[in-house]
Amino acid sequence: MTITEATQVQNELREKVRIQPIDYPVNIIAGADISFNKFSTTVYAGIILLSFPDLKPLGYSLIKKEVHFPYVPGYLAFREVPALLDAWEQLPVKPDVLVVDGHGIAHPRRMGIAAHFGVVADTPALGCAKKVLCGKYEEPGLTKGSFTPLIHKEEIIGAALRTRDKVKPVFVSPGNKIDLQGAMSIINQCVGKYRIPEPTRQAHNAVNEFRKGNLEAGFTTLS
DNA sequence: GCGACAG
DNA sequence: ATCTTGTCGC
(Lines give C-alpha, C1' and ligand atoms only; values in the text may rest on other atoms or scores of the structure.)
Protein backbone atom coordinates (compact mmCIF):
# COMPACT_ATOMS: atom_id res chain seq x y z
CA MET A 1 0.00 0.00 0.00
CA THR A 2 1.34 3.40 -0.94
CA ILE A 3 1.02 6.56 1.10
CA THR A 4 -1.38 7.93 -1.49
CA GLU A 5 -3.62 4.89 -1.09
CA ALA A 6 -3.35 5.07 2.68
CA THR A 7 -4.42 8.68 2.57
CA GLN A 8 -7.47 7.68 0.54
CA VAL A 9 -8.33 4.99 3.11
CA GLN A 10 -8.10 7.57 5.87
CA ASN A 11 -10.37 9.95 4.02
CA GLU A 12 -12.94 7.19 3.62
CA LEU A 13 -12.74 6.00 7.23
CA ARG A 14 -12.97 9.58 8.40
CA GLU A 15 -16.61 9.72 7.44
CA LYS A 16 -17.38 6.84 9.78
CA VAL A 17 -15.90 8.49 12.88
CA ARG A 18 -18.50 9.41 15.47
CA ILE A 19 -17.71 12.04 18.07
CA GLN A 20 -20.40 11.75 20.71
CA PRO A 21 -20.89 11.61 24.48
CA ILE A 22 -20.66 8.29 26.27
CA ASP A 23 -24.19 7.64 27.48
CA TYR A 24 -23.72 4.38 29.32
CA PRO A 25 -21.82 3.28 32.41
CA VAL A 26 -18.16 2.46 31.92
CA ASN A 27 -17.22 -0.66 33.86
CA ILE A 28 -14.33 -2.00 31.82
CA ILE A 29 -11.64 -0.10 29.98
CA ALA A 30 -8.58 -1.29 28.12
CA GLY A 31 -5.16 -0.09 27.11
CA ALA A 32 -3.40 -1.03 23.87
CA ASP A 33 0.23 -0.83 22.91
CA ILE A 34 2.85 -2.19 20.54
CA SER A 35 6.51 -3.07 21.00
CA PHE A 36 9.02 -4.09 18.36
CA ASN A 37 12.63 -4.71 17.56
CA LYS A 38 14.21 -1.92 15.60
CA PHE A 39 15.78 -4.29 13.08
CA SER A 40 12.92 -6.74 12.71
CA THR A 41 9.49 -6.80 11.09
CA THR A 42 8.03 -8.62 14.09
CA VAL A 43 5.80 -6.60 16.37
CA TYR A 44 4.31 -7.54 19.71
CA ALA A 45 0.84 -6.20 20.39
CA GLY A 46 -1.10 -6.23 23.59
CA ILE A 47 -4.39 -5.09 25.08
CA ILE A 48 -4.97 -5.12 28.81
CA LEU A 49 -8.42 -5.09 30.37
CA LEU A 50 -8.97 -3.10 33.55
CA SER A 51 -12.01 -2.70 35.77
CA PHE A 52 -13.24 0.87 36.00
CA PRO A 53 -12.89 3.07 37.90
CA ASP A 54 -10.89 0.92 40.31
CA LEU A 55 -8.36 0.00 37.60
CA LYS A 56 -7.76 -3.59 38.64
CA PRO A 57 -6.14 -5.71 35.86
CA LEU A 58 -8.64 -8.30 34.61
CA GLY A 59 -6.55 -9.92 31.93
CA TYR A 60 -4.39 -9.31 28.89
CA SER A 61 -4.32 -10.33 25.26
CA LEU A 62 -0.92 -10.71 23.60
CA ILE A 63 -0.07 -11.45 20.00
CA LYS A 64 3.01 -11.53 17.77
CA LYS A 65 2.73 -10.47 14.14
CA GLU A 66 4.76 -9.55 11.09
CA VAL A 67 4.33 -6.02 9.79
CA HIS A 68 5.67 -4.44 6.63
CA PHE A 69 4.21 -0.98 6.61
CA PRO A 70 6.90 1.37 7.92
CA TYR A 71 6.40 4.03 10.52
CA VAL A 72 5.43 7.22 8.75
CA PRO A 73 4.19 10.20 10.78
CA GLY A 74 0.47 10.50 10.10
CA TYR A 75 0.11 6.85 9.08
CA LEU A 76 0.85 5.04 12.32
CA ALA A 77 -2.41 3.12 12.12
CA PHE A 78 -1.35 1.24 8.99
CA ARG A 79 1.58 -0.17 10.92
CA GLU A 80 -0.10 -0.95 14.23
CA VAL A 81 -3.81 -1.55 13.71
CA PRO A 82 -3.53 -5.03 12.11
CA ALA A 83 -1.68 -6.44 15.12
CA LEU A 84 -3.99 -4.66 17.54
CA LEU A 85 -7.01 -6.14 15.79
CA ASP A 86 -5.61 -9.63 16.34
CA ALA A 87 -5.18 -8.87 20.03
CA TRP A 88 -8.66 -7.36 20.07
CA GLU A 89 -10.28 -10.47 18.66
CA GLN A 90 -8.74 -12.56 21.41
CA LEU A 91 -10.56 -10.61 24.10
CA PRO A 92 -13.33 -12.65 25.76
CA VAL A 93 -15.16 -9.41 26.53
CA LYS A 94 -14.77 -6.05 24.85
CA PRO A 95 -14.03 -2.95 26.94
CA ASP A 96 -16.48 -0.04 27.19
CA VAL A 97 -13.64 2.26 26.11
CA LEU A 98 -10.21 1.55 24.64
CA VAL A 99 -7.24 3.81 25.36
CA VAL A 100 -4.80 3.83 22.45
CA ASP A 101 -1.18 4.95 22.62
CA GLY A 102 -1.27 7.72 20.00
CA HIS A 103 -3.72 10.36 18.79
CA GLY A 104 -7.41 10.13 18.01
CA ILE A 105 -8.68 12.98 15.83
CA ALA A 106 -5.69 15.16 16.78
CA HIS A 107 -4.29 14.33 13.37
CA PRO A 108 -3.73 16.30 10.13
CA ARG A 109 -6.73 14.56 8.55
CA ARG A 110 -8.46 13.78 11.86
CA MET A 111 -7.67 10.09 11.49
CA GLY A 112 -5.11 9.17 14.11
CA ILE A 113 -4.71 5.56 15.22
CA ALA A 114 -7.38 5.74 17.92
CA ALA A 115 -9.96 7.02 15.44
CA HIS A 116 -8.83 4.49 12.83
CA PHE A 117 -8.99 1.54 15.22
CA GLY A 118 -12.24 2.75 16.73
CA VAL A 119 -13.94 2.77 13.33
CA VAL A 120 -12.48 -0.53 12.12
CA ALA A 121 -13.37 -2.32 15.37
CA ASP A 122 -16.58 -0.29 15.71
CA THR A 123 -15.82 0.52 19.32
CA PRO A 124 -15.38 3.53 21.60
CA ALA A 125 -11.72 4.57 21.57
CA LEU A 126 -9.66 7.54 22.61
CA GLY A 127 -6.09 8.58 21.97
CA CYS A 128 -3.56 9.50 24.62
CA ALA A 129 -0.21 10.54 23.12
CA LYS A 130 3.05 11.67 24.63
CA LYS A 131 3.85 14.15 21.86
CA VAL A 132 1.92 16.39 19.51
CA LEU A 133 1.51 15.42 15.86
CA CYS A 134 -0.22 18.59 14.73
CA GLY A 135 -1.83 21.61 16.28
CA LYS A 136 -0.77 24.17 18.84
CA TYR A 137 -1.48 24.64 22.51
CA GLU A 138 -0.56 26.87 25.39
CA GLU A 139 1.30 25.33 28.27
CA PRO A 140 -1.24 24.14 30.85
CA GLY A 141 -0.87 25.02 34.52
CA LEU A 142 1.85 23.15 36.36
CA THR A 143 -0.52 21.27 38.63
CA LYS A 144 -2.11 17.88 38.05
CA GLY A 145 -5.41 18.13 36.20
CA SER A 146 -4.58 21.39 34.41
CA PHE A 147 -5.27 21.35 30.69
CA THR A 148 -5.45 23.55 27.63
CA PRO A 149 -7.05 22.98 24.24
CA LEU A 150 -5.03 21.57 21.36
CA ILE A 151 -5.99 23.56 18.28
CA HIS A 152 -5.41 22.88 14.61
CA LYS A 153 -6.86 25.02 11.84
CA GLU A 154 -9.23 26.87 14.16
CA GLU A 155 -10.55 23.59 15.49
CA ILE A 156 -10.26 22.07 18.96
CA ILE A 157 -8.95 18.60 18.27
CA GLY A 158 -7.87 17.54 21.74
CA ALA A 159 -6.28 18.73 24.96
CA ALA A 160 -2.86 18.98 26.58
CA LEU A 161 -3.38 17.47 30.01
CA ARG A 162 -1.00 17.61 32.96
CA THR A 163 -1.38 14.22 34.62
CA ARG A 164 0.98 15.00 37.49
CA ASP A 165 2.49 18.13 39.00
CA LYS A 166 5.30 19.55 36.94
CA VAL A 167 5.56 16.76 34.36
CA LYS A 168 5.16 17.22 30.61
CA PRO A 169 1.51 17.04 29.55
CA VAL A 170 -0.02 14.17 27.59
CA PHE A 171 -2.32 14.81 24.64
CA VAL A 172 -5.84 13.47 24.78
CA SER A 173 -8.27 13.34 21.89
CA PRO A 174 -11.42 11.42 21.04
CA GLY A 175 -11.05 8.52 18.64
CA ASN A 176 -14.52 7.14 18.01
CA LYS A 177 -17.88 6.96 19.81
CA ILE A 178 -16.67 9.34 22.51
CA ASP A 179 -16.15 13.09 22.77
CA LEU A 180 -13.32 15.17 24.21
CA GLN A 181 -15.08 15.65 27.53
CA GLY A 182 -15.58 11.92 27.86
CA ALA A 183 -12.02 11.17 26.85
CA MET A 184 -10.67 13.69 29.37
CA SER A 185 -12.87 12.23 32.08
CA ILE A 186 -11.68 8.70 31.42
CA ILE A 187 -8.02 9.66 31.34
CA ASN A 188 -8.29 11.77 34.46
CA GLN A 189 -9.65 8.74 36.27
CA CYS A 190 -6.91 6.51 34.88
CA VAL A 191 -4.01 8.49 36.25
CA GLY A 192 -2.18 6.65 38.96
CA LYS A 193 1.27 7.29 40.29
CA TYR A 194 2.83 8.02 36.92
CA ARG A 195 2.65 10.51 34.07
CA ILE A 196 1.35 7.86 31.67
CA PRO A 197 -2.21 6.70 32.46
CA GLU A 198 -2.55 3.13 33.74
CA PRO A 199 -4.15 1.53 30.66
CA THR A 200 -1.29 2.60 28.40
CA ARG A 201 1.38 2.01 31.00
CA GLN A 202 0.21 -1.48 31.88
CA ALA A 203 -0.28 -2.44 28.25
CA HIS A 204 3.25 -1.26 27.59
CA ASN A 205 4.60 -3.31 30.49
CA ALA A 206 2.74 -6.45 29.45
CA VAL A 207 3.91 -6.20 25.85
CA ASN A 208 7.51 -5.70 26.91
CA GLU A 209 7.41 -8.76 29.16
CA PHE A 210 5.87 -10.67 26.28
CA ARG A 211 8.67 -9.60 23.98
CA LYS A 212 11.23 -10.69 26.55
CA GLY A 213 9.60 -14.10 26.72
CA ASN A 214 8.19 -13.72 30.21
CA LEU A 215 4.55 -13.86 29.10
CA GLU A 216 2.79 -16.07 26.59
CA ALA A 217 0.70 -15.25 23.54
CA GLY A 218 -3.07 -15.51 23.79
CA PHE A 219 -5.47 -14.22 26.41
CA THR A 220 -4.64 -14.63 30.06
CA THR A 221 -7.21 -14.08 32.77
CA LEU A 222 -5.90 -12.52 35.94
CA SER A 223 -7.28 -13.63 39.26
C1' DG B 1 10.37 26.78 0.07
C1' DC B 2 11.01 25.51 5.17
C1' DG B 3 10.16 23.21 9.35
C1' DA B 4 7.70 19.63 11.88
C1' DC B 5 6.84 14.98 12.36
C1' DA B 6 2.04 10.00 17.17
C1' DG B 7 4.97 5.23 17.61
C1' DA C 1 9.59 3.41 19.15
C1' DT C 2 14.57 1.20 20.61
C1' DC C 3 19.32 1.38 22.72
C1' DT C 4 21.87 2.96 26.60
C1' DT C 5 24.97 5.35 31.32
C1' DG C 6 25.14 8.18 34.26
C1' DT C 7 22.78 11.62 36.78
C1' DC C 8 19.45 15.05 38.78
C1' DG C 9 15.46 15.61 41.85
C1' DC C 10 11.72 14.45 45.16
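Here is the naming used below: chain letters follow the sequence lines, and residue numbers restart at 1 for every chain.
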[X] atom [atom1], over 12 foreign heavy atoms within 6.0 Å:
X	atom1	result
A:F147	CZ	no
A:E66	CD	yes
A:L215	CG	yes

Is the side chain of [X] donor-acceptor paired with the backbone N or O of [Y] at a distance under 3.5 Å, no angle test?
X	Y	result
A:Q10	A:G74	yes
A:H103	A:A114	no
A:D96	A:N27	yes
A:R162	A:P140	yes

Problem - For A:F171, the rest of its hydrophobic cluster, which grows through side-chain links under 4.5 angstrom - result: A:V132, A:Y137, A:L150, A:I157

[atom1]/[X] to [atom2]/[Y] distance, rounded to the nearest 0.5 angstrom?
X	Y	atom1	atom2	value
A:L50	A:I28	CG	CD1	10.0 Å
A:I187	A:E198	CD1	CD	10.5 Å
A:M111	A:R14	CE	CZ	9.0 Å
A:E80	A:F69	CD	CZ	12.0 Å
A:I113	A:L76	CD1	CG	4.0 Å

Problem - Base-contact (B) and sugar-phosphate-only (S) positions in nucleotides 5-10 of chain C, heavy-atom cut-off under 4.0 Å, - elsewhere - result: ------

Problem - Heavy-atom protein contacts under 4.0 Å, nucleotides 2-7 of chain B, coded B base, S sugar-phosphate only, - none - result: ---BBB

Exercise for the section: Strictly below 4.0 Å, heavy-atom distances to any atom of DNA chain B: list the hits from residues 197-218 of chain A, or just say none. Expected result: none

Exercise for the section: Ignoring hydrogens and angles, state whether a donor on the side chain of A:Y75 or A:T7 is under 3.5 Å from an acceptor on the partner side chain. Expected result: yes

Problem - Each stem that DNA chain C is part of, given as range with range (3 or more consecutive Watson-Crick or G-U pairs, under 3.5 Å) - result: none

Practice task
Respond yes when some side-chain nitrogen or oxygen of A:S35 is under 4.0 Å from OP1 or OP2 of C:dA1, and no when none is.
Solution key: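 Negative; the distance criterion is not met.
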
Practice task
Identify the residue among A:K177, A:K94, A:K16, A:R18 that makes a side-chain hydrogen bond (donor to acceptor under 3.5 Å, both in side chains) with A:D122.
Solution key: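 Only one of A:K177, A:K94, A:K16, A:R18 forms a side-chain hydrogen bond (donor to acceptor under 3.5 Å, both in side chains) with A:D122, namely A:K177.
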
Completion exercise
With both pairing distances under 3.5 angstrom for Watson-Crick or G-U wobble, and | for a partner in another strand, the correct string for DNA chain B is .......

